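Being a predicted model, the structure only gives us computed values, none of them experimental.
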There are 2 protein chains.
Amino acid sequence: MTQKIDFLSKNQQIVLEIIEKAKEPLKAYSILFSVQKKGIKAPPQVYRALDRLIKLGKIHKIESKNAFVACKNDSCTISNATAFSICDSCEMVTEISNPKLSKYLANFQDETGMRYNKYNLEFFGLCKKCKK
Amino acid sequence: MTQKIDFLSKNQQIVLEIIEKAKEPLKAYSILFSVQKKGIKAPPQVYRALDRLIKLGKIHKIESKNAFVACKNDSCTISNATAFSICDSCEMVTEISNPKLSKYLANFQDETGMRYNKYNLEFFGLCKKCKK
DNA sequence: TTTAAATATGTTATATTATAACAAAGCGTA
DNA sequence: TACGCTTTGTTATAATATAACATATTTAAA
Ligand SMILES: [Zn+2]
Ligand SMILES: [Zn+2]
Ligand SMILES: [Zn+2]
Ligand SMILES: [Zn+2]
């Protein structure tokens with residue numbers, strides 16, 4: 001649909017489209033179920049596509065949920081710096097794109113002097129709706 | 001060993017001790033294997049202890065690895081604010097305890113105004129040893 | 001154009017991680 | 001004692017993920 005999608009293989013496109021259409025994070029086996037009508041029959045086909053899409057930064061894995069969301073952040077072509085906001089009640093997940101935060105984390109150095117090339121941050125709380 | 005350990009049940013103590021002794025994050029089934037000589041025979045026994053220890057802040061789950069580490073941070077009695085440094089090469093995991101970082105994250109607010117009561121941050125890179 | 005390498009796919013089986021469901025035991029206390 | 005509550009034990013199964021190997025498709029040299 002977008003330009004870059006042309007670089008994706010058939011299975012990768014199928015999997016990406018279903019994740020992009022979803023309003024919430026999708027689990028691998030729910031993706032598998034959804035794409036069976038399109039000829040993808042087995043877990044490895046889904047997991048391969050997921051792995052590739054993650055490397056390309058088109059999707060991200062929400063580690064605390066073992067679920068996958070489309071990247072909503074155009075500048076996030078390589079997924080080495082991700083931050084999410086997760087509602088404990090309705091399970092809504094939003095990708096945070098906050099320049100100050102990403103700058104702060106990208107430059108963060110701990111006592112050991114270790115330099116990081118990747119981070120993933122997950123915030124938990126109650127979203128507006130669920131706070132009411 | 002410490003005072004608070006007295007509040008733990010037998011299985012919880014057994015599981016905590018093995019995690020504290022370990023130099024690297026332990027997987028649930030490797031814990032299960034290790035504690036079988038002490039009478040813990042089935043996964044639910046291990047997972048129950050893990051769940052409880054996490055709630056108490058005695059251990060943390062490294063989400064990207066599905067593995068568990070003992071908390072090295074005395075102030076971390078409730079595990080609602082965790083940050084880890086993970087080596088991509090040797091898989092070493094260190095809990096980061098950096099007041100500036102935790103203050104920054106505890107006070108972080110995104111555009112939506114959602115307020116967070118918990119976060120987990122995982123940094124990836126190469127540790128000193130592996131950089132050489 | 002032929003050949004070879006690299007990439008993507010299909011398929012079966014299996015490994016790994018985690019929970020459901022229910023029974024029994026232990027413990028504090030009214 | 002008898003009641004509630006927590007912990008434990010146990011079996012089975014659900015959910016997540018990968019190994020291994022065969023085939024097909026695309027790409028790029030030769
Ligand atoms: Zn993104
Ligand atoms: Zn919500
Ligand atoms: Zn801690
Ligand atoms: Zn290392």
Side-chain angles (χ1 to χ4, degrees), chain A residues 4-19 22 24-69 79 86 88 91 93 120 122, chain B residues 4-19 22 24-56 58-69 79 84 86 88 91 93 120 122:
Chain A
K4 279 185 186 162
I5 223 168
D6 304 52
F7 294 101
L8 301 178
S9 76
K10 181 171 64 99
N11 287 1
Q12 288 154 18
Q13 286 181 47
I14 292 171
V15 169
L16 178 56
E17 276 178 28
I18 192 156
I19 295 175
E24 64 287 318
L26 295 183
K27 303 270 201 166
Y29 274 72
S30 108
I31 293 168
L32 174 58
F33 179 80
S34 304
V35 298
Q36 274 175 337
K37 53 182 83 79
K38 299 203 172 169
I40 295 181
K41 286 174 188 160
Q45 296 173 285
V46 171
Y47 280 101
R48 280 175 196 145
L50 290 172
D51 287 349
R52 188 73 201 288
L53 291 167
I54 287 170
K55 275 188 191 116
L56 295 173
K58 311 294 285 182
I59 66 171
H60 304 301
K61 181 174 185 180
I62 307 300
E63 295 285 358
S64 61
K65 295 194 171 301
N66 297 317
F68 304 86
V69 295
S79 57
I86 302 169
D88 282 321
E91 309 223 318
V93 171
N120 179 54
E122 300 182 2
Chain B
K4 279 186 185 164
I5 223 171
D6 303 54
F7 293 102
L8 300 178
S9 76
K10 181 172 64 100
N11 286 0
Q12 288 153 18
Q13 286 181 46
I14 292 170
V15 169
L16 178 56
E17 274 178 29
I18 192 156
I19 295 175
E24 64 287 319
L26 295 184
K27 304 268 201 168
Y29 273 72
S30 110
I31 293 169
L32 174 58
F33 179 80
S34 303
V35 297
Q36 274 174 338
K37 54 181 83 79
K38 300 204 174 171
I40 296 180
K41 287 174 186 162
Q45 298 174 283
V46 171
Y47 280 102
R48 281 175 195 144
L50 291 172
D51 287 350
R52 187 73 199 286
L53 292 168
I54 288 171
K55 275 187 191 119
L56 295 174
K58 309 295 283 181
I59 66 170
H60 303 302
K61 180 173 185 180
I62 307 301
E63 295 285 358
S64 61
K65 296 194 171 300
N66 297 318
F68 304 85
V69 294
S79 56
F84 301 95
I86 302 169
D88 283 322
E91 310 222 318
V93 170
N120 179 53
E122 299 182 3

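- A:Asp51 places its CG atom 12 Å from the P atom of C:dA8, with the value rounded to the nearest Å.
- Counting distance only, with no hydrogens placed and no angle test, the side-chain atoms of B:Tyr29 and the base atoms of C:dA18 include a donor-acceptor pair under 3.5 Å.
- Distances shown here put a side-chain N or O of A:Gln45 below 4.0 Å from the OP1 or OP2 atom of C:dG10.
- Among the protein residues, A:Arg48 comes within range of the nucleic acid bases, having at least one heavy atom under 4.0 Å from a base atom.
- Rounded to an integer number of Å, the gap from B:Asn11 CG to D:dT10 C1' is 13 Å.
- Of the candidate nucleotides C:dT12, D:dT8, C:dT19, D:dT8 has the atom nearest to the side chain of B:Gln12.
- Comparing atom distances between the A:Pro44 side chain and each of C:dT11, D:dT10, C:dT17 picks out C:dT11 as nearest.
- Between the A:Lys27 side chain and the A:Lys65 main chain, a donor and an acceptor come within less than 3.5 Å of each other.
- Spacing between atom CG of A:Leu50 and atom P of D:dA17 amounts to 9 Å, rounded to whole angstrom units.
- The shortest distance between side-chain heavy atoms of A:Asn66 and A:Lys61 falls below 4.5 Å.
- Listed here is the closest heavy atom pair of B:Phe84 and B:Val93: CD2-CG1, 4.1 Å.
- Checked against D:dA17, D:dT10, C:dT12, the side chain of B:Lys41 finds its nearest nucleotide in D:dT10.
- Rounded to whole Å, the distance from CG on A:Leu32 to P on C:dG10 is 12 Å.
- Rounded to an integer number of Å, the gap from B:Ile40 CD1 to D:dT11 C1' is 17 Å.
- Here A:Lys65 lies out of heavy-atom contact (under 4.0 Å) with every strand.
- A sub-4.0 Å separation between OP1 or OP2 of C:dT16 and a side-chain N or O of B:Asn66 is absent.
- In this structure the side chain of B:Glu63 reaches within 4.5 angstrom of the side chain of B:Asn120, judged on heavy atoms.
- The phosphate of D:dT8 (OP1 or OP2) has no side-chain N or O of B:Lys10 nearer than 4.0 angstrom.
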Candidate pair A:Leu56 and A:Leu8, rule side-chain contact (heavy atoms from CB on, under 4.5 Å), full reasoning:
CA-CA 10 Å; A:Leu56 295 173; A:Leu8 301 178; 3.3 Å; yes
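- Counting to the nearest Å, the C1' atom of C:dG10 and the OH atom of A:Tyr47 are 17 Å from each other.
- The side chain of A:Ser9 contributes an N or O atom lying less than 4.0 Å from OP1 or OP2 of C:dT9.
- Atoms CG (A:Leu8) and C1' (D:dT26) sit 16 Å apart, rounded to a whole Å.
- Sequence order on DNA chain D of the closest nucleotides to B:Arg52 and B:Pro43 puts B:Arg52 first from the 5' end.
- Taking atom CZ of B:Phe33 as the reference point, atom P of C:dT17 lies 15 Å away to the nearest angstrom.
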